[in-house]
Amino acid sequence: MSLIVQKFGGSSVANAERLLNVARIVTDTYRAGNEVVVVVSAQGDTTDDFIAKAAELNARPSKREMDVLLSAGEQISMSLLAMTIQTLGCTAISLTGWQAGIQTDINYSEARIRKVKPERVRSELDRGRIVIIAGFQGINKQDDITTLGRGGSDTTAVAIAASLGADLCQIYTDVDGVYTADPRIVPNARKLTEITYDEMLELASLGAQVLHNRSVEMAKKYNVDLEVVSSFTRNPGTKVKEGSDMEKMNVSGVARDNNCARIAVINLPDEPGVAFKVFSLLAKHKINVDIILQSVGKNRVKTISFTVPQDSAEETREVLANAKGQLGFEDLSVNTEVAKVSIVGAGMASNSGVAAKMFEALAMAGINIRMISTSEIKISVLINEEDSEKAVKAIHNKFFSEE
Ligand code: ASP
Ligand code: MG
């Protein structure tokens, strides 16, 4: 007998027909001789609809009350699913975050899980019940409801799996796994059977949008085996776990992020402490900087360029412009028409040819590279946004079509 946690996203439980489909997946798993804990998201667009409702009444509602409101979405799903499962002849019980022992810090709307006390869930499983838990919510030390941030139900599922020592945590969604590239751009992208936690973290932060980042971090920390799988097909999904025999695999995927901007601080004095001044200023404003490039100093001046998320571009411009006198630069340029394209792969560090191959693909496609950054498992280039689809296709073709 295995203990399996199954998480179902909003689209998977959106209506009665889909709830019945989910109930079948759950009861099939239970009848195959497993203990089953289910974590659900709010149905379809419920969370967005609640946010819109609140906005009609108060432009800046308190975060505490928003959490009370939003947590209701998951409670609707959990009770409807429990009822549906009961019609299929199994015993199911639904539990809120606090009933399931999910304790968080006090940060309403973006709470982090502190501890999970799994006793209640464990005792319900011991009684032969399927346990259904509301995702995305917990309780803080003031006994108030908190939520974990948008997309947080994945994190609930992994936390529950870790606390119960589950054998597997399945994330059911509307895609059937993690692909070597976005299938909407690259129709012949392949589904990966396995991927490491680190690769998944890179792909998630690069905009692959399959899993909540914190859920992958937590799965890595507690060594929870994850599986991304579709609730609409019964195809095998993608397993996310610690790397084992994946050394052979150089590159596991190509990702694109259009949501970035390039800032250039032009003609700064070429003297010690300049980069420190620029980036500590940005850090003070909590602006996330990604790729950084500094030109060779010439005539006692140099230029530093870097990328930030697109929605931080305006703030970055303001912060720097206000410090013009102090920093002593000549000019600022902000370009939001750029995109970051990256290849990710755990086996890349030991293979020097990977970067050259990526650059060759871009050269053959006539795409100019503006910036480059590399890490153990990732190579990113900054290019013009209009070239980004062509770049993803060319790079994917280079790495995945030649075998
Ligand atoms: N219902 C929440 C949201 O829409 C949490 C989740 O779906 O994971 O963000
Ligand atoms: Mg999600």
Side-chain angles (χ1 to χ4, degrees), residues 5-15 18-19 21-22 25-26 37-55 61 63-82 94-100 102 104-105 107-113 116 132-140 144-162 169-175 178 200-201 204-205 207-219 224 226-232 237 240 259 311:
V5 174
Q6 299 184 316
K7 180 260 171 180
F8 294 91
S11 57
S12 301
V13 295
N15 54 40
R18 291 184 180 181
L19 277 164
N21 171 54
V22 167
I25 295 173
V26 172
V37 175
V38 180
V39 172
V40 284
S41 289
Q43 292 184 285
D45 297 329
T46 305
T47 308
D48 291 326
D49 294 345
F50 282 166
I51 292 171
K53 264 204 171 86
K63 289 187 171 177
R64 181 192 182 279
E65 299 312 324
M66 278 309 286
D67 281 5
V68 176
L69 175 65
L70 298 191
S71 66
E74 273 68 15
Q75 292 188 45
I76 294 170
S77 306
M78 75 181 195
S79 51
L80 292 177
L81 181 59
S94 66
L95 300 174
T96 61
W98 68 266
Q99 289 175 307
I102 297 171
T104 73
D105 62 18
N107 287 316
Y108 299 110
S109 88
E110 217 140 335
R112 292 194 159 245
I113 297 177
V116 179
I132 304 172
I133 300 172
F136 174 58
Q137 58 175 263
I139 192 165
N140 66 20
D144 280 341
I145 296 171
T146 51
T147 65
L148 308 180
R150 297 305 305 269
S153 298
D154 295 343
T155 299
T156 304
V158 174
I160 291 282
C169 180
Q170 294 180 308
I171 308 286
Y172 282 86
T173 173
D174 47 13
V175 297
V178 181
M200 191 63 232
L201 279 170
S205 64
Q209 282 172 356
V210 194
L211 292 170
H212 198 223
N213 238 350
R214 273 158 57 199
S215 72
V216 185
E217 278 165 18
M218 196 183 291
V224 174
L226 280 179
E227 187 180 10
V228 177
V229 46
S230 164
S231 55
F232 302 113
V240 188
N259 179 34
D311 51 13

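Remember, it's 1-based here, ligands and their atoms both numbered in the order they're listed.
Backbone and side-chain nitrogen or oxygen atoms of G151 are examined, and one is located within less than 3.5 angstrom of a nitrogen or oxygen of ligand 1. Residue contacts with ligand 1: K7 is placed with no nitrogen or oxygen under 3.5 Å of a nitrogen or oxygen of the ligand (distance criterion only). An N or O contact shorter than 3.5 Å links S41 to ligand 1 by distance.
We find the CG-OG1 distance between L211 and T173 to be 8.5 Å, quoted to the nearest 0.5 Å. Note: T47 OG1 to I51 CD1 = 6.5 Å, rounded to the nearest 0.5 Å.
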Checklist entry - Checking side chain to side chain donor-acceptor pair (under 3.5 Å) for the pair T146/D67: CA distance, chi angles, key distance, verdict? => result CA-CA 5 Å; T146 51; D67 281 5; 5.4 Å; no
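By the salt bridge (charged side-chain N to carboxylate O under 4.0 Å, His left out) test, D174 is found to be paired with no residue, residues two or more places apart in sequence or in another chain being considered. The salt bridge (charged side-chain N to carboxylate O under 4.0 Å, His left out) check on D144 picks up R64, with sequence neighbours excluded.
E110 CD: 12 or fewer foreign heavy atoms inside a 6.0 Å radius.
Ligand 1 is approached by G152 to a heavy-atom distance shorter than 4.0 Å. Between G73 and ligand 1 there is no heavy-atom distance shorter than 4.0 Å.
Every atom of ligand 1 is numbered from 1 in the order shown, and the set under 4.0 Å from a heavy atom of R150 is 3 (C), 4 (O), 9 (O).
Contacts with ligand 1 closer than 4.0 Å are made by side-chain heavy atoms of E74 only, the backbone lying farther away.
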